[in-house]
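Notes to accompany the following structure.
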Protein chains: 2
Amino acid sequence: MTPRKPSLKDELDPRSRILDHAESLFSTKGIDAVTLKDIALPLGMTHAALYYHFPGGKEELFVLVMERNIRRHGSGLDAALRSQPGSLRGRLRAAAAWLVNQPPMDLIRMAENDLKALDPASARKLSVLIYELILQRLTREFSEAIEAGTIGPCDPGLMAGGLFGMVESLHSVPVAMVRKTRIEMANELIDVILKGIDYREGGQ
Amino acid sequence: MTPRKPSLKDELDPRSRILDHAESLFSTKGIDAVTLKDIALPLGMTHAALYYHFPGGKEELFVLVMERNIRRHGSGLDAALRSQPGSLRGRLRAAAAWLVNQPPMDLIRMAENDLKALDPASARKLSVLIYELILQRLTREFSEAIEAGTIGPCDPGLMAGGLFGMVESLHSVPVAMVRKTRIEMANELIDVILKGIDYREGGQ
DNA sequence: GTCTATATAAAGATAGAC
DNA sequence: GTCTATCTTTATATAGAC
């Protein structure tokens with residue numbers, strides 16, 4: 001019998017467990033605010049064990065983890081957008097719901113700090129991934145809507161970036177302080193933007 | 001003769017020079033990514049000298065500096081809004097121009113990392129300042145516009161927060177990558193939002 | 001695959017000279 | 001007001017035992 005592939009909630013292999021936990025830490029706090037002990041100890045191992053799986057140490061782990069994080073964001077975003085073929089509003093709402101339920105993706109922190117701490121090749125790789133898997137994917141929705149005539153003329157890349165920044169910034173509002181969920185807030189903001197670019201259901 | 005107050009580009013007193021430089025570092029990179037040497041050495045002093053001016057060390061310096069930073073953001077924002085009594089669009093554009101020309105204010109990083117590293121009283125103080133001097137000030141513009149009938153019904157706090165997050169996120173787009181300035185981008189986004197909440201110049 | 005032990009470097013912080 | 005020197009702690013990283 002093969003060494004039983006881990007079922008649903010079973011223990012994953014150590015490498016995956018490390019990546020999972022490191023992702024939740026690195027992606028929300030950035031490279032400088034997380035230590036190798038922060039990653040290792042909650043997993044029941046010492047920080048030295050991390051070097052067996054990731055000989056490149058902290059930087060290798062960070063790059064791997066953030067690449068994973070961006071790809072996961074990207075595929076979740078893509079899946080959300082595809083899940084609502086009906087209307088642009090539905091697609092954007094699904095996308096926002098996905099983003100809002102993920103750990104925040106803090107592009108300011110990435111640009112101002114994390115990427116500057118990496119070797120330039122890795123930094124550029126991560127930048128390109130963010131651009132291609134996240135921003136470009138969102139941009140496409142606006143571009144296609146313009147072509148289809150469901151929204152008026154606008155800068156699709158700017159709308160995508162603005163919407164993304166807006167939605168991500170909701171992560172910083174303490175939900176206890178407002179009487180709305182983040183998803184409700186995101187939906188209201190989306191409605192304002194869509195109205196602002198002359199969205200009309202069903203095109204032309 | 002009094003010890004000559006520093007004229008325009010003259011050297012400021014050490015304490016102010018430290019606060020100025022620390023502000024530019026702490027506000028863009030956060031508490032963990034800045035060391036006391038990063039602050040002291042470019043000012044031509046050693047990190048030990050900082051303890052003469054700020055006996056509380058790094059945390060005291062960070063709190064003082066960020067309080068200053070938030071107040072500066074707040075008064076610049078207020079001045080910008082007051083400078084354009086004519087129209088809501090003009091006021092929001094002036095506000096955005098101010099924000100975009102300041103170092104980024106990364107609320108996600110603050111909430112997820114910096115504030116958690118401070119003693120709770122200081123953390124709450126900074127949170128309250130952000131809320132009262134930045135978000136509430138912007139919110140007022142929307143509230144008053146609703147009352148005046150220049151925009152339609154909407155959640156003014158949400159609009160303020162959304163606009164702020166949107167504008168701040170422009171700091172993370174590499175200007176070399178687009179053919180627009182950050183101010184132009186901010187203005188386009190403002191126009192979309194205003195249209196989305198039924199802005200009509202001159203009210204009612 | 002993970003540990004203990006250790007090396008090395010860097011950080012925050014304090015004491016005391018100047 | 002600022003320095004040098006030192007202390008303490010913490011971080012990354014490596015070596016070698018198990």
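Hydrogens, waters and symmetry mates are skipped; everything else that's a heavy atom, side chains included, is used. Residue numbers start from 1 in every chain, and the chains themselves are labelled A, B, ... in the order their sequence lines are given, proteins ahead of strands. Since we're looking at a predicted model, the values are computed, not measured.
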Donor-acceptor contacts, no H, no angles, side chain residues 126-136 of chain B, under 3.5 Å, sequence neighbours left out:
residue: B:S127; atom: OG; partner: B:A123; partner atom: O; Å: 3.0

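A donor-acceptor pair under 3.5 Å links the side-chain atoms of B:H21 to the main chain of B:I39, judged by distance alone.
Scanning DNA chain C 5' to 3' for nucleotides with an atom closer than 4.0 angstrom to a non-hydrogen atom of chain A gives a first and last hit of C:dG1 to C:dT4.
Of all the residues in residues 44-52 of chain B, B:G44, B:M45, B:T46, B:A48, B:A49, B:Y52 reach under 4.0 Å from DNA chain D with at least one non-hydrogen atom. Heavy-atom distances under 4.0 Å link DNA chain D to A:V34, A:T35, A:L36 of residues 31-42 of chain A, given in residue order.
At a threshold of 4.0 Å, the pair A:K29-B:D32 does not count as salt-bridged, since none of the basic side-chain nitrogens sits closer than that to a carboxylate oxygen. Ion pairing between A:D191 and A:R93 holds under the 4.0 Å rule for side-chain N and carboxylate O. The pair B:K125-B:D119 does not count as a salt bridge, with every side-chain nitrogen at least 4.0 angstrom from each carboxylate oxygen. Between B:R109 and A:D106, no side-chain nitrogen of the basic residue sits less than 4.0 Å from a carboxylate oxygen of the acidic one, so the salt-bridge criterion is not met.
Scored by the ring pair (Phe, Tyr, Trp, His ring centres under 6.0 Å) test, B:F62 finds B:F26 as partners (sequence neighbours excluded). Remark: B:R15 engages no residue in a side-chain hydrogen bond (donor to acceptor under 3.5 Å, both in side chains) (not counting sequence neighbours).
For the side-chain contact (heavy atoms from CB on, under 4.5 Å) criterion with B:T181, the lone passing option out of B:R179, B:E184, B:M185 is B:E184.
As rounded to whole Å, 16 Å separates atom P of D:dT14 from atom NE2 of A:H53.
Within a 6.0 Å sphere centred on CZ of A:R72, heavy atoms belonging to other residues, nucleotides or ligands number more than 12.
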